[in-house]
Amino acid sequence: MAKRKAVVNHASALSQHASITLDASASYGIIDAQIKSHFHHNNDVSDMLEDSLVDEEEQTKSYHNIEDRVYNVGPHSRVVLYQQVFICSGIHFKMNVFKTTQEPLPYNQLFEEVPIDVVIAPRIFIKGVKVVYGDDISDRPVERVHSWRGAPFKQGRTDDVNAGYGGKYVFLVPEITTNVNEALTRFEIIITDKTLKSENSLSKGSSGKNRYLRPVRDKNNNMYITDLMLAWYKRTPNGNYTIDRDIWPNLPKGYDTTSINDGRKGPDEFLVWKLEEVYMI
């Protein structure tokens with residue numbers, strides 16, 4: 001995003017002059033932005049600034065306002081009309097403030113610097129997933145990856161990736177980092193007759209093929225995983241495994257694995273992740 005990249009670049013320049021200290025292995029994001037209190041400004045601008053800068057969604061937001069204004073211009077005279085516009089990286093906001101003059105204003109009166117306090121912090125990324133087993137639902141870890149709508153099985157097995165197939169309760173616990181050099185770009189599901197590392201099995205104690213989760217880090221990619229979620233739903237008649245984001249609008253935006261339950265009878269299950277572009281210091 002243009003605004004976030006501009007802020008990070010400015011922070012990087014400050015760090016080079018020892019004004020602030022930043023972690024060179026981290027990617028920073030905006031957590032707060034406010035126009036300084038001593039500067040006279042419009043409340044709409046403050047609200048728009050905060051929403052726009054802190055919002056990490058990759059989208060363009062437009063605001064429209066229509067109003068009629070009447071200006072009387074006499075014979076052999078003219079009116080020069082100015083509208084106040086708030087501009088910063090990624091933001092172009094036309095304010096409801098107008099000024100008229102008979103002569104064009106000099107260049108030095110057309111622009112005014114607006115001081116903005118911006119708070120940034122290292123972004124958190126996923127560097128791995130720990131597979132945790134249990135014999136009862138009470139064994140589920142608090143920090144586990146959660147299911148968006150809940151597993152369509154008996155009550156209490158939500159977030160268990162082995163639900164409905166016997167065997168152990170199996171939960172996924174994300175491992176986090178602020179070091180971009182450790183961050184992952186995607187996950188792969190491995191379904192095989194072979195036994196690999198049993199501690200990583202997603203189907204421990206169940207019959208049938210073994211299922212494993214393989215983390216992947218693509219060094220040529222600048223999009224890294226920041227969030228994980230499980231998504232369950234029934235197969236469509238044509239076998240389409242694409243997640244319908246109209247049905248699940250709050251799922252993390254990014255990509256997903258093939259179905260963990262591929263080849264099994266019952267609902268499909270996907271590990272879904274959100275990706276975020278990295279801006280290094």
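- With a 4.5 Å cut-off on side-chain heavy atoms, L228 and V129 count as touching.
- The side-chain hydrogen bond (donor to acceptor under 3.5 Å, both in side chains) check on D136 picks up S138, with sequence neighbours excluded.
- Expressed to the nearest 0.5 Å, how far CG of N261 lies from OG of S203 amounts to 9.5 Å.
- Within a 6.0 Å sphere centred on OH of Y71, other residues, nucleotides and ligands contribute more than 12 heavy atoms.
- Side chain of S25 to backbone of V180: no donor-acceptor contact under 3.5 angstrom is found.
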Handout entry: Test log, rule side-chain contact (heavy atoms from CB on, under 4.5 Å), inputs V145 and V173
Key = CA-CA 6 Å; V145 177; V173 176; over 6 Å; no

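- R217 places no side-chain N or O within 3.5 Å of a backbone atom of L184 that could act as its donor or acceptor partner.
- A donor-acceptor contact shorter than 3.5 Å is absent between the side chain of Y165 and the backbone of G208.
- Taking CZ from R144 and NZ from K130, the interatomic distance works out to 15.0 Å, rounded to the nearest 0.5 Å.
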Exercise for the section: Walk me through it: do F98 and Q84 pass the test side-chain contact (heavy atoms from CB on, under 4.5 Å)? Expected result: CA-CA 6 Å; F98 295 86; Q84 192 173 69; over 6 Å; no

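- No donor-acceptor distance shorter than 3.5 angstrom exists from the side chain of T178 to the backbone of A26, with no hydrogens or angles considered.
- Side-chain atoms of T185 come within 3.5 Å of backbone N or O of V216 as a donor-acceptor pair.
- Side-chain N or O atoms of Y82 include none that pairs as donor or acceptor with a backbone N or O of L110 at under 3.5 Å.
- Taking CG of L230 as the reference point, atom CD1 of I260 lies at 6.0 Å (rounded to 0.5 Å).
- In this structure T226 satisfies the side chain to side chain contact (heavy atoms under 4.5 Å, CB included) test together with F125, K274, E276, sequence neighbours excluded.
- The two residues V142 and H146 make their nearest non-hydrogen contact at O-NE2, 3.9 Å.
- Put simply, the side chain of R211 does not reach to within 4.5 Å of the side chain of K204, judged on heavy atoms.
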Exercise for the section: Evaluate the side-chain contact (heavy atoms from CB on, under 4.5 Å) criterion for residues V161 and L172: first the C-alpha distance (whole Å), next the side-chain angles of each, then the deciding distance (0.1 Å), finally the verdict. Expected result: CA-CA 8 Å; V161 299; L172 304 179; 4.1 Å; yes

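- By the 6.0 Å contact criterion, CD1 on I124 is open, its count of non-hydrogen atoms from other residues, nucleotides or ligands being 12 or less.
- To the nearest 0.5 Å, atom CD1 of residue I191 and atom CG of residue D262 are 4.5 Å apart.
- At most 12 heavy atoms of other shown residues, nucleotides or ligands fall within 6.0 angstrom of atom CD1 in I176.
- Considering only residues two or more places apart in sequence or on other chains, E188 meets the salt bridge (Lys or Arg N to Asp or Glu O under 4.0 Å) condition with R186.
- Under 4.0 Å is where a charged nitrogen must lie from a carboxylate oxygen, and between R78 and E103 at least one such pair does.
- Only one option out of N162, D159, D160 pairs with Y169 in a side chain to side chain contact (heavy atoms under 4.5 Å, CB included); it is D160.
- What you find for E182 and T177 is that their closest heavy atoms are OE1-OG1, 2.7 Å.
- Note that the CD1 atom of I189 and the CZ atom of F187 stand 9.0 Å from one another [nearest 0.5 Å].
- Here OH of Y212 is found 8.5 Å from CG of N200. Values are rounded to the nearest 0.5 Å.
- Between V170 and S201 the shortest heavy-atom distance is CG1-O, 4.1 Å.
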Exercise for the section: Starting from the C-alpha separation in whole Å, work towards a yes-or-no answer on side-chain contact (heavy atoms from CB on, under 4.5 Å) for V131 and Y133. Expected result: CA-CA 7 Å; V131 180; Y133 303 116; 3.7 Å; yes

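- Atom CD of Q109 has more than 12 heavy atoms from other residues, nucleotides or ligands within 6.0 Å.
- Under the side-chain hydrogen bond (donor to acceptor under 3.5 Å, both in side chains) criterion, D135 pairs with K168, not counting sequence neighbours.
- For K209, the side-chain hydrogen bond (donor to acceptor under 3.5 Å, both in side chains) test picks out D193, with sequence neighbours left out.
- In this structure, Q83 has no side-chain hydrogen bond (donor to acceptor under 3.5 Å, both in side chains) partners at least two apart in sequence or on a different chain.
- Linking Ile, Leu, Val, Met, Phe, Trp and Tyr residues whenever their side-chain heavy atoms come within less than 4.5 Å leaves L81 and V73 in two separate clusters.
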